[in-house]
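Take a look at the structure below.
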Amino acid sequence: MSGLSRKFYLTTAIDYVNAPPHLGHLYEKVCADTIVRFHRLNGEEVFFLTGVDENAQKNEQAAIKAGLPVKVFVDKNAHLFKKLCKIYNISNDDFIRTTEKRHTKVVQLVFQKMYDNGDLYKKYYEGYYCTGCEEFKTEKDLVNGKCPEHNTAPMWLKEENYFFRLSKYQDSLSELLSEGQFVLPLEKRNEVAARLKEGLKDLSVTRPNLTWGITTPINPEHKIYVWIDALTNYISALGYPNGEKFKKFWPADAHLIGKGINWFHSVIWPAILLSAQIPLPKLVLVHGYITVKGSKMSKSKGTVINPLELAKKYSVDAIRYYMLRAIVFGEDGDFTEESLVERTNNELVANIGNFIHRTLTFISKNFDGVVPKPDNFDDDDVKFQKRIEVIAETVGKRLGKFELDKALKEIVEFSQEGNRYFQHKEPWKTKNPNCLYLCVNALRSLAILLEPFIPSSVEKLWSQLNLEGAVAEQNWSSASKLLIKELHTIGKPKVLFKKIN
RNA sequence: GGGAGGGAAGCUUAAGUGGUUAUAAGCACCGGACUCAUAAUCCGGCGACAAUGGGUUCAAAUCCCAUACCUCCCA
């Protein structure tokens, strides 16, 4: 353990604001939040960025459909994303909106730098264009002459666009991706590397004749297309090029993204940065999708889950706990309310909640709320004490590897160990002081260990333990110490997690 | 159309990468103990012949081939 304070910069993808947030948006934010909270507890200086992509044509189209001015429409949905963060205790340090001046000017600067570097050139392009996809399609892409995605006939379009010499960076990118640790999990790295071998084509990075979006600095007729615009949020939010935050936090320690935008983050984004001569991020961290009944949430199937609504039905921490625990990080995971209820009742309530509550009420009722003075430890006591001594490291290792679900599993097992120990020592017969002394310390450990996952519940636990400060201010490794001493008076016990139904 | 991956107890998973009757965890289910605790807890039991069909081998869940299904990436 070094005493050096390090920095940790984590981003999420920025979300389209063409619709209100769904559960997938929340999942990414909760994962990110858990990761950064862990890093904060480790004493690192953290910057955690999330935000929304407002410049996409998709947003404009959705606004028109809704019969609202684009700005009004976008404001409305952006507000919902901010609200989502607030409700779910997402501890983001900033929230960027790509229509903000601080962003648009950086996008133009990056564009200019790429241009100055000779990486952008003008070219006529002709072909089928699907307005839904905002993309040119080849004949092969079409099914019965229609875009299979949108089921609409594309139009024949002849456009003058600026192209980015992506091909120029083929070798640098191949090298970046062969090194192994740039994209995690490794299967995701392999997918990108395999596609890279097929060769890179230059990329169209502007669109003419649009009304919504950021104008290029070199030609007022052209708007900057999604790539250079959206991805640049990761540095514009830090005040690139001269901002203090940029100097302190860039390069990003991880970009947390969904698997669908892996290519953009693992190939296009590094290429843009290389072209603009900006250092590359350290890691692209890819998570899976939340599915409902085994397939993607879809509007037509009516399986889209609105997390703002969900929070009215279940507690925020139960939802956070469930998503983090039940979904293997990096893989897709199915969401059902039944399993949410099951996890909550069996683990959060019956295991963790019970251990907390039985310990606290026992001390409260039998020792007037005062932690008893321990005697000499017997073998059981020593065994449990040792468990406490290693738990911070055990869970920390998992979190360091982004194994959020496994980390949580370790914590559940620790809590179960507590229940087992308590049961075995039978303090209701013996009034065994060692047992209560160790268990109440285990609760303090649990509070810290669980802080990244269920931050709000854990603060309540902290105050029931009548401890100073906030859990979020504690040091991770102190979760393995017995810092609650004899004669400490605990607060009033109160049920933390309620059983559902 | 090309490529990658997956199938394990009723369900969800972890381990296992050639060797006798496949190692485990949680949920569910059954039984017991206990009563401090939100009928929570603790202990014990139940339970899979490994997607299917072939092949290699003295021996395969583990290697190879084929087929079906699911997922993903690409076109």
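Proteins come first, then strands; the chains are lettered A, B, ... in the order of their sequence lines, and each starts at number 1.
A donor-acceptor pair under 3.5 Å is formed between the side chain of Arg189(A) and the backbone N or O of Leu177(A). For the pair Asn466(A) (side chain) and Ser463(A) (backbone), a donor-acceptor distance under 3.5 Å is absent. Of the possible donor and acceptor atoms, one in the side chain of Asn233(A) sits under 3.5 Å from a partner among the backbone N and O of Ala230(A). Asn432(A) places a side-chain N or O within 3.5 Å of a backbone atom of Asn434(A) that can act as its donor or acceptor partner.
Atom P of nucleotide rU35(B) and atom NZ of Lys431(A) are separated by 12 Å, given to the nearest angstrom. Asn351(A) places its CG atom 13 Å from the C1' atom of rU38(B), with the value rounded to the nearest Å. Following rounding to the nearest Å, Asn345(A) (CG) and rA40(B) (P) show an atom-to-atom distance of 8 Å. Atom pair Arg195(A):CZ and rG2(B):C1' shows a separation of 14 Å (rounding to whole Å applied). Rounded to an integer number of Å, the gap from Phe422(A) CZ to rC36(B) C1' is 5 Å. Spacing between atom CD1 of Ile290(A) and atom P of rU71(B) amounts to 18 Å, rounded to whole angstrom units. Rounded to an integer number of Å, the gap from NZ of Lys499(A) to C1' of rA37(B) is 13 Å. For Lys188(A) and rA4(B), the NZ to C1' distance is 10 Å, given to the nearest whole Å.
Near RNA chain B, meaning a heavy atom under 4.0 Å from it, residues 356-377 of chain A has His357(A), Arg358(A), Thr361(A), Phe362(A), Lys365(A) in order of number. Listed by residue number, the members of residues 255-273 of chain A with any heavy atom below 4.0 angstrom from RNA chain B are Lys259(A).
With respect to Glu403(A) and Lys409(A), no salt bridge is recorded, no charged nitrogen being found less than 4.0 Å from a carboxylate O. For the pair Glu410(A) and Arg398(A), the salt-bridge criterion is met [side-chain N within less than 4.0 Å of a carboxylate O]. Of the charged side-chain nitrogens involved, none lies within less than 4.0 Å of a carboxylate oxygen, so that Arg325(A) and Asp405(A) do not count as a salt-bridged pair.
You'll find that the side chain of Ala350(A) is closest to rU41(B), out of rU38(B), rC34(B), rU41(B). Side-chain proximity of Asn419(A) to the nucleotides rC42(B), rC36(B), rU38(B) is greatest for rC42(B).
Taking atom C1' in both rC49(B) and rU21(B), one finds a spacing of 10 Å when rounded to whole Å. Taking atom P in both rU52(B) and rU62(B), one finds a spacing of 11 Å when rounded to whole Å. Nucleotides rA22(B) and rA59(B) are separated by 15 Å at their C1' atoms, to the nearest Å. Rounded to a whole angstrom, the distance from the C1' atom of rG18(B) to that of rC58(B) is 12 Å. To the nearest whole angstrom, the two C1' atoms, one in rU13(B) and one in rC74(B), are 30 Å apart. Using atom P as the reference point in both rA33(B) and rU17(B), the two lie 42 Å apart (nearest Å). Nucleotides rC69(B) and rG26(B) have their C1' atoms positioned 27 Å apart, rounded to a whole Å. With both ends at atom C1', the span from rA60(B) to rG53(B) equals 16 Å, rounded to whole Å.
Sorted by first and then second residue, the salt bridge (charged side-chain N to carboxylate O under 4.0 Å, His left out) pairs with a member in residues 479-501 of chain A form an empty list; sequence neighbours excluded.
Using cut-offs of 30° and 60° on the angle between ring planes, the pair Tyr234(A) and His265(A) is tilted. The aromatic rings of Phe414(A) and Phe384(A) sit parallel, their planes meeting at an angle under 30°, below the 60° perpendicular limit.
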Legend entry - Verdict with reasoning, Trp476(A) to Phe38(A), per ring pair (Phe, Tyr, Trp, His ring centres under 6.0 Å): CA-CA 8 Å; Trp476(A) 181 261; Phe38(A) 171 63; 4.8 Å; yes
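Once rounded to the nearest 0.5 Å, the distance linking CG of Leu443(A) with CG of Leu465(A) reads 5.5 Å. With rounding to the nearest 0.5 Å, the separation of NE2 in His424(A) from SG in Cys435(A) is 10.5 Å.
When each of Lys201(A) and Val495(A) is assigned the nucleotide of RNA chain B bearing its nearest heavy atom, the one mapping closer to the 5' terminus is Val495(A). Map Ala326(A) and Glu426(A) each onto its nearest nucleotide of RNA chain B; the residue landing nearer the 5' end is Ala326(A).
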Inset, instruction - Can you check each nucleotide of nucleotides 23-33 of chain B against protein heavy atoms at under 4.0 Å and return B for base, S for sugar-phosphate only, - for none, in 5' to 3' order? - result: ----S------
Legend entry - Intra- and interstrand pairs of RNA chain B - dot-bracket, Watson-Crick/G-U under 3.5 Å, | marks other strand: ((((((...(((((....[...))))).(((((.......))))).....(((((..]....))))).)))))).
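Using a 4.5 Å cut-off on side-chain heavy atoms (C-beta onward), Pro270(A) and Leu173(A) make contact.
Neither side chain, Tyr322(A) nor Glu342(A), offers a donor N or O lying under 3.5 Å from an acceptor on the other.
Residue contacts shown for Phe355(A) are absent, as no nucleic acid heavy atom lies under 4.0 Å away. Residue contacts shown for Ile327(A) are absent, as no nucleic acid heavy atom lies under 4.0 Å away.
Remark: Phe81(A) engages His25(A) in a ring pair (Phe, Tyr, Trp, His ring centres under 6.0 Å) (not counting sequence neighbours).
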